[in-house]
Engineer: 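I am attaching a structure below and will ask some questions about it afterwards.
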There are 2 protein chains.
Amino acid sequence: MAKPRASIGSHRNPESHAAILDAAAALLAEHGYAGVTFEAVARRAGAGKPTLYRWWPNKAALLIEVYEREKVAMEAARPTLPDPQEDFADLVRAVMDFWRDSPAGQAFRSIIAEAQADPAALAALRDDFLPRTREVPRAILARAVAAGRIAPTTDLGLIIDLVFGFAWYRLLTHRLTPTQAEILGVVGAAFAAAAPGGPLASTTAPVSAAPPTPPPGR
Amino acid sequence: MAKPRASIGSHRNPESHAAILDAAAALLAEHGYAGVTFEAVARRAGAGKPTLYRWWPNKAALLIEVYEREKVAMEAARPTLPDPQEDFADLVRAVMDFWRDSPAGQAFRSIIAEAQADPAALAALRDDFLPRTREVPRAILARAVAAGRIAPTTDLGLIIDLVFGFAWYRLLTHRLTPTQAEILGVVGAAFAAAAPGGPLASTTAPVSAAPPTPPPGR
DNA sequence: AGATAATCGAAACGATCCGTTCCGTTTAGA
DNA sequence: TCTAAACGGAACGGATCGTTTCGATTATCT
């Protein structure tokens, strides 16, 4: 935005790098997803378009970097609670707060949206970004298994799908103000169902109320 | 694409209407969301751009109509099962099958994506389309309440958020092949938690494992 | 020390799509 | 018979895209 920033030799210029991420985040916050164009980012960052295209193949890649840069502080700030269920609920709360109170929510929404149009963005989201993100909740669930709170036969990925599916749904429909009771209810439901003997305790075994009779039709 | 299609007087031409929806669906299936432009749809449908702009304010509105046109057959084909929990699980299965096996999934993904960029599309999705869609599962849950399977104090919207959040999450990450056990597990978890005495039975009351102490930080 | 190579920002390009506007034609309803 | 609305065709100014060329800068290799 100010002083000229020339090449620093045959190496990537970290100032340009930071200026570009700053500009992208600012544009996202001010004008939304549609306002973030490579053209506008380059203009605002005082950078050249070739510089952007050199380092980021598409808008999704740029937004992922914006999101991850902001996410570090959030994850570090959250203390680990001793009880796995409380810790899991607090993680969900922290993530939804983060989405609501920082530009990250808009960034994350945009990443998901772009993945629906661009196969490359989808691959980056599903095969790279998401598995990394799911490690934190998975570790908490593994602690719950070790503590005997969750049956060892439970598919932990399914629990994450259930709880973070809820969070995504609220994010994408702009309803990011869950009450404490709602979060505790959702996480409580997941933990109760995954407890030994619950309907989520085993991936393969049938559920009492609905025998494995294949439903009619189709 | 074929014969010329002139005005039929001062009334909307249903042939043009159908041709435009057909063209949009075809383009969506062949070239994805980015391939659906008003320009391309008009070209393929043999229609004029003013005709499109006359009837649809934006791409989201057009895609919503494409989606809803295909959805009718799906909902009509599904029989109502006597047991509410089985019926709910079958609905989830039918919806995910529908998303996977018809162009509707791509259309729905695109609608959600566009809502993240365009406030008008978000309003249409959240305030118009979604409430209509949620009526069917809500009616099933109401039956479960009447049957005493779900506590009357339960927030039925939260159950829908939970189960269809799961479905959306799978849709948006292109993992639309749930096993029967997964669906039964998710729905079973929701119903068990919403049963009288379960963690979802009341929206306001605290949950046993985690008293309403506000979590630290933030 | 000097040559190499990769970086930087600026500018311009052809192409595409947007959203709108005008136009002449057609036909249902008043 | 006449009005009003819908139809498709064509063109517009504007924005963004993704790429290319350019001269200048400077760390790294020879």
Engineer: How close or far is atom P of C:dC17 from atom CG of B:Leu62, stated in whole angstroms?
Structural biologist: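 Roughly 16 Å, once rounded to whole Å.
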
Engineer: Mapping B:Ala42 and B:Arg12 to their closest nucleotides on DNA chain D, which lands nearer the 5' end?
Structural biologist: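 Between the two, 5'-proximity favours B:Arg12.
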
Engineer: Could you check how far NE2 of A:His17 sits from C1' of C:dG9, rounded to whole Å?
Structural biologist: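 Roughly 17 Å, once rounded to whole Å.
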
Engineer: Measure from CD1 on A:Ile20 to P on C:dG9 and round the result to the nearest Å.
Structural biologist: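 These atoms are roughly 6 Å apart.
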
Engineer: To the nearest angstrom, how far is A:Asn58 atom CG from D:dT19 atom C1'?
Structural biologist: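 Atom-to-atom, A:Asn58 to D:dT19, this comes out as 16 Å.
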
Engineer: Taking the minimum atom-to-atom distance to the side chain of B:Thr51, which one of C:dG9, C:dC18, D:dG8 wins?
Structural biologist: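 The closest nucleotide is D:dG8.
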
Engineer: Which nucleotide in the set D:dC7, D:dC17, C:dC17 lies at the smallest distance from any side-chain heavy atom of B:Ser16?
Structural biologist: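 Within the option list, the nearest is D:dC7.
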
Engineer: Without decimals, in angstroms, what is the distance between B:Glu39 CD and D:dC12 C1'?
Structural biologist: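 After rounding, the gap between these two atoms is 12 Å.
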
Engineer: Mind calculating the distance between CD (A:Glu15) and C1' (D:dT25) to the nearest angstrom?
Structural biologist: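 Checked: the CD to C1' distance equals 14 Å.
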
Engineer: Check the distance between D:dG9's P and B:Tyr53's OH and give it to me in whole angstrom.
Structural biologist: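 Going from OH in B:Tyr53 over to P in D:dG9 covers 16 Å.
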
Engineer: Quick one: does B:Lys49 reach the base of C:dG19 with a side-chain donor-acceptor pair under 3.5 Å?
Structural biologist: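 Under the 3.5 Å cut-off, the side chain and the base do form a donor-acceptor pair.
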
Engineer: Closest to the B:Trp55 side chain: C:dT20, C:dC8, D:dA6?
Structural biologist: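 Selected nucleotide: D:dA6.
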
Engineer: Any donor-acceptor pair under 3.5 Å linking the side chain of A:Gln116 with the backbone of A:Ile112?
Structural biologist: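 Indeed, once roles are kept as given, a pair shorter than 3.5 Å links the two residues.
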
Engineer: Any side-chain N or O of A:Arg54 under 4.0 Å from OP1/OP2 of C:dC8?
Structural biologist: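 Yes, within the criterion.
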
Engineer: I need the CG-P distance between B:Asn13 and D:dG9, as an integer number of Å.
Structural biologist: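 It works out to 13 Å between those atoms.
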
Engineer: Specify the residue among A:Phe38 and B:Ala47 whose closest nucleotide of DNA chain D lies further upstream toward the 5′ end.
Structural biologist: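 That would be B:Ala47.
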
Engineer: Evaluate the ring planes of A:Trp168 and A:Phe108, with Trp represented by its six-membered ring, and classify them as parallel (under 30°), tilted (30 to 60°) or perpendicular (over 60°).
Structural biologist: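 It falls in the perpendicular class, over 60°.
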
Engineer: For C:dT27, does either OP1 or OP2 sit under 4.0 Å from a side-chain N or O belonging to B:His11?
Structural biologist: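 B:His11 to C:dT27 OP1/OP2: no side-chain N or O under 4.0 Å.
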
Engineer: Taking the side chain of B:Pro50 as heavy atoms from C-beta outward, which of D:dG9, C:dG9, D:dT16 is closest to it?
Structural biologist: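 Looking only at side-chain atoms, B:Pro50 lies closest to D:dG9.
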
Engineer: Strictly below 4.0 Å: does A:Trp56 bring a side-chain N or O up to OP1 or OP2 of D:dG18?
Structural biologist: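 No, A:Trp56 has no side-chain N/O under 4.0 Å of OP1/OP2 on D:dG18.
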
Engineer: Are the aromatic rings of B:Phe164 and A:Tyr169 close, with centres under 6.0 Å apart?
Structural biologist: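 No, they do not, as the ring centres are separated by 6.0 Å or more.
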
Engineer: Measure from the side-chain N and O atoms of A:Gln106 to the backbone N and O of A:Pro103, and report whether any donor-acceptor pair falls under 3.5 Å.
Structural biologist: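 No, because the side chain of A:Gln106 does not come within donor-acceptor range (under 3.5 Å) of the backbone of A:Pro103.
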
Engineer: Measure from the side-chain N and O atoms of A:Arg134 to the backbone N and O of A:Ile160, and report whether any donor-acceptor pair falls under 3.5 Å.
Structural biologist: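 Judged by distance alone, no pair lies under 3.5 Å.
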
